[in-house]
Number of protein chains: 2
Amino acid sequence: MTDIARMAEVDISTVSRALANSPRVTEETKERIRRIVEETGYVVNHGARMLRSRSSNQILVLLGNIAATTFPEVVLGIEEAVQEHGYSVLVGSTHNDPERQEILANQLLTGAADGIILMTGLLPEVVRNFPNYEQHVVAVTRMVPDKRIPQVNIDNRAAMETAVAHLLALGHSRIVHLSGPLDSPTFQARAEGYRRAMRSAGAHPAVIPSQAFNIQAGIEAMERLLALPDRPTAIICASDEMAMGAISLATGKGIRVPDDMSFVGFDDIPFSVVMNPPLSTIHIPRRDMGRAGGRILLRNLTEGAGKAENVVLRHELIVRGSCGRLSRSR
Amino acid sequence: MTDIARMAEVDISTVSRALANSPRVTEETKERIRRIVEETGYVVNHGARMLRSRSSNQILVLLGNIAATTFPEVVLGIEEAVQEHGYSVLVGSTHNDPERQEILANQLLTGAADGIILMTGLLPEVVRNFPNYEQHVVAVTRMVPDKRIPQVNIDNRAAMETAVAHLLALGHSRIVHLSGPLDSPTFQARAEGYRRAMRSAGAHPAVIPSQAFNIQAGIEAMERLLALPDRPTAIICASDEMAMGAISLATGKGIRVPDDMSFVGFDDIPFSVVMNPPLSTIHIPRRDMGRAGGRILLRNLTEGAGKAENVVLRHELIVRGSCGRLSRSR
DNA sequence: TTGAAAGCGCTACCAC
DNA sequence: GTGGTAGCGCTTTCAA
C-alpha cells in the first residue's frame with residue numbers, strides 16, 4: 001500500500017480511505033488510486049486488515065457431514081445472503097465429533113471468522129465463553145438448546161404430523177417410523193410428531209432409531225424392521241436418504257412399493273424425484289433457511305443482537321409415487 | 001498474550017515461543033505457560049499471526065457447485081490429509097461463474113488462504129499473476145491446462161473405454177453418450193474416450209452434450225434423444241446424476257431398464273446403489289483423490305514446488321443392474 | 001534459556 | 001480533503 005501511495009503521490013492513509021470508498025476522498029483522487037491499484041494488481045493484506053479492524057469478513061458454517069445431501073443447498077442459501085455484503089463462506093465438517101467441532105469453532109475466537117452458522121445442533125463449549133456469542137451465532141436446520149441464539153428451522157413436529165395424516169388418509173394405520181439419531185433434537189422432534197399424530201388417530205406408534213440418517217442407516221433399520229413379526233403397511237423415514245436405503249432393501253426382498261408397502265421420506269432432495277417409484281416426501285425450504293440464517297447473522301453482526309429471533313419456515317408434503325391406498329381387503 | 005506473559009512472569013516473546021513449542025524454552029516454563037493459557041481460555045489472534053508469519057493455515061477448495069453430489073467426498077479427503085497438519089479447509093462455490101471464481105481466488109492473494117485446490121477445471125486469472133503460483137495450487141478431479149500445476153485425476157478417457165467395452169461385451173453396438181458440458185476438459189475426455197472406443201469397435205459414436213451434468217441435464221438430454229429416430233439400445237452417461245435423470249425419464253415413457261435399454265453412469269455416488277434397478281457405473285476414488293491433492297499441496301507449500309506431479313488414480317467398473325445382455329433376436 | 005525491540009500492513013484518530 | 005502517526009498482537013532477530 002505504501003507503494004501505491006508513493007505512485008499516486010498521496011499519503012498511505014488516503015489510499016486506505018480511497019480503497020474503503022470513504023466519502024472523505026475526492027472522486028478524482030479515488031479514480032487515480034483505483035487506476036494504479038488496477039495496474040499493479042495490488043490487493044490488501046487480509047491479515048493486516050484483520051488485525052486492525054478486528055474482523056475477517058468470513059462466516060464459518062459448521063455441519064455434521066458435508067456429504068449429507070441435505071446440507072449443501074442450505075450453504076448455497078447462506079452464500080447468497082452473505083456474499084453481496086462482502087462476506088465469504090467457510091464450510092467445516094465436524095463428522096459429528098464434538099471435539100472437531102470445538103477445534104473448528106476456535107476460528108471464531110481467533111478472529112478467523114466473524115460469525116458461525118451452526119447446522120450441527122450442538123453449541124461448541126468454546127463459543128459459550130465468547131463475549132456476546134449470541135451476536136455471532138445462528139442455528140439453522142438443527143436447533144440448539146440455547147435461548148439466546150437465533151434459530152431458523154421448520155416445525156419438525158408438524159411436518160411429521162403432515163406425513164402421518166397423509167398415510168392415514170390413504171387408509172394406513174400400521175405405520176412405523178424409521179428415525180434418525182435420537183440424541184438430536186431434530187430427530188427427536190420428528191419422532192415425537194409422529195408419535196403424537198399416531199396416538200391422536202388411535203394408532204400404535206413404533207419407532208426404530210438409527211445412529212445416522214444416511215442410506216446405510218436406512219438399509220440397516222429396514223433390516224431390523226423386517227426381522228420383526230407383524231409387518232407394517234407404511235413407513236415414514238426421518239430422511240430421504242434413509243427412505244432410499246429402506247426402499248432398496250425392501251425391493252430386494254420382493255416387497256413391492258407402493259403396492260405392498262408405502263414410504264414417505266423427509267427433505268425432498270433432488271434424487272427423490274428420480275427414484276423408482278418417485279418418493280413422496282416432506283419438502284423443506286433449504287435454500288430459504290440458509291438465506292434467512294445468513295441474513296440474521298449479518299444483521300446481528302452489524303447491529304448487535306436483539307432478542308433472539310426464531311424463524312420457522314413452512315414445510316410441504318410432496319405427493320409422488322411411493323404411497324399407495326390401502327385396500328380394505330387386507 | 002501480553003497478559004499471559006505478565007501472569008507467567010516471563011516476556012511475551014517467551015510465551016510466543018512456548019506456544020510454538022520451541023525447543024528453546026524449558027519444559028518447566030512451557031508447562032507453566034500452558035496452564036495459564038488453559039485457565040484464561042486464551043487463543044492466539046489469527047490476524048496478527050497471519051500478518052507476521054505470512055501464512056493463514058487455511059486451504060481454499062474451489063468447486064463449481066457444492067450441491068453436485070460428486071464433490072463433497074473429495075473435500076472430505078482433502079480435510080483428512082490436511083487437518084492433522086494444522087490446516088483447515090475453506091470451501092467456495094463458484095457456480096461455474098469465472099467472475100465468482102476470481103473473487104474467491106483473491107483469498108490466496110490477500111493471504112486469507114495459503115493454497116488452493118481447484119476442482120473447477122479453470123485456473124483463475126488472478127492466480128496466474130501470483131508469484132510461484134504453482135507452489136500454491138493443485139488441480140483435483142478437473143484438469144487445468146497448465147503444465148506447472150500438479151494434477152490429481154483419473155484417466156477419464158480410459159474409464160469411458162471401460163464403459164463402452166462393458167456394453168460391447170453385452171452385445172450392444174448402438175450406444176450413445178449423454179455428455180456433460182463440452183467446454184470442460186473432463187467431459188471432453190470422457191466423450192473422446194467414448195468415441196475412440198466406439199470407433200475401434202467399428203461402431204458409430206453419437207454424443208448428446210449438455211450444459212450441466214446434474215439430474216435435470218440428464219432428463220433433458222434424454223428427451224432430446226428420444227425425439228430422435230433410431231433409438232439406441234444402450235446409453236453411457238457422463239455422470240450418475242445424469243444417468244438417474246435419464247433413466248427416470250425413460251422409465252416414465254414406458255422404457256424398461258435394462259430390458260429395453262441399458263444405462264451406465266459415471267462417479268458411483270452413494271445413490272447409485274439404491275436406484276431401481278441399481279446403476280452400473282464407473283467408480284472413481286473421490287476420497288483418495290482428495291487426500292492425494294491435499295498431500296501434494298501441503299508438500300509444495302512447505303518444500304516448494306518441484307516438477308509438477310501428475311497423479312492418475314485407478315477407476316473401476318461397478319456392474320450392478322442397469323445393463324442387460326442384448327439378445328440377437330433384436 | 002530468556003528478554004528487548006523491531007516491524008508485519010493496515011486502519012483510524014487527530015491535525016491541519 | 002489530506003497527511004502524519006500510533007498501534008493492532010504477534011514472530012523473530014539479536015543481545016545478554
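Letters go in sequence order (proteins before strands), and every chain restarts at 1. Atoms considered below: every heavy atom in the structure, side chains included; atoms not considered: hydrogens, waters and symmetry mates.
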Original post:
On the ring face of A:Tyr42, is A:Arg34 found with NZ or CZ under 6.0 Å from the centre and within 45° of the axis?
Top reply: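 Negative - A:Arg34 is either too far from the ring of A:Tyr42 or too far off its axis.
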Original post:
Between B:Leu51 and B:Arg32, which is nearer to the 5' end of DNA chain C once each is assigned its nearest nucleotide?
Top reply: B:Arg32
**OP:** Would you kindly give the CE-to-C1' distance between B:Met1 and D:dG7, to the nearest whole Å?
**Re:** 17 Å
**OP:** Would you kindly give the CG-to-P distance between A:Leu109 and D:dC10, to the nearest whole Å?
**Re:** 13 Å
Original post:
Under a 4.0 Å N-O cut-off, is there an ion pair linking A:Arg287 with A:Glu80?
Top reply: yes
Original post:
Is it true that A:Arg35 and A:Glu38 make a salt bridge, defined as a side-chain N closer than 4.0 Å to a carboxylate O?
Top reply: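 Salt bridge: no.
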Once you apply a heavy-atom cut-off of 4.0 Å, does [X] come out as touching a base, just sugar-phosphate, or nothing?
X: B:Thr29; result: sugar-phosphate
X: A:Arg24; result: base
X: B:Arg17; result: base
X: A:Ser16; result: base

Original post:
Is the closest side-chain donor-acceptor distance between A:Gln83 and A:Ser88 under 3.5 Å?
Top reply: no
**OP:** Let me know, please, whether B:Gly47 or B:Thr14 comes out on the 5' side of the other along DNA chain D by nearest nucleotide.
**Re:**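 Nearest nucleotide further toward 5': that of B:Gly47.
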Subject >> Per B:Asp11 side chain, nearest of listed nucleotides C:dC10, C:dA4, D:dC10 >> reply: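 Ranking C:dC10, C:dA4, D:dC10 by closest atom to the B:Asp11 side chain puts C:dA4 first.
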Subject >> Closest listed nucleotide, where the reference is the side chain of A:Arg54 and the choices are C:dT2, D:dG9, C:dG9 >> reply: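 The nucleotide sitting nearest to the side chain is D:dG9.
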Subject >> No-H, no-angle donor-acceptor pair, B:Arg52 side chain to C:dG7 base, under 3.5 Å >> reply: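 A donor-acceptor contact between them is present.
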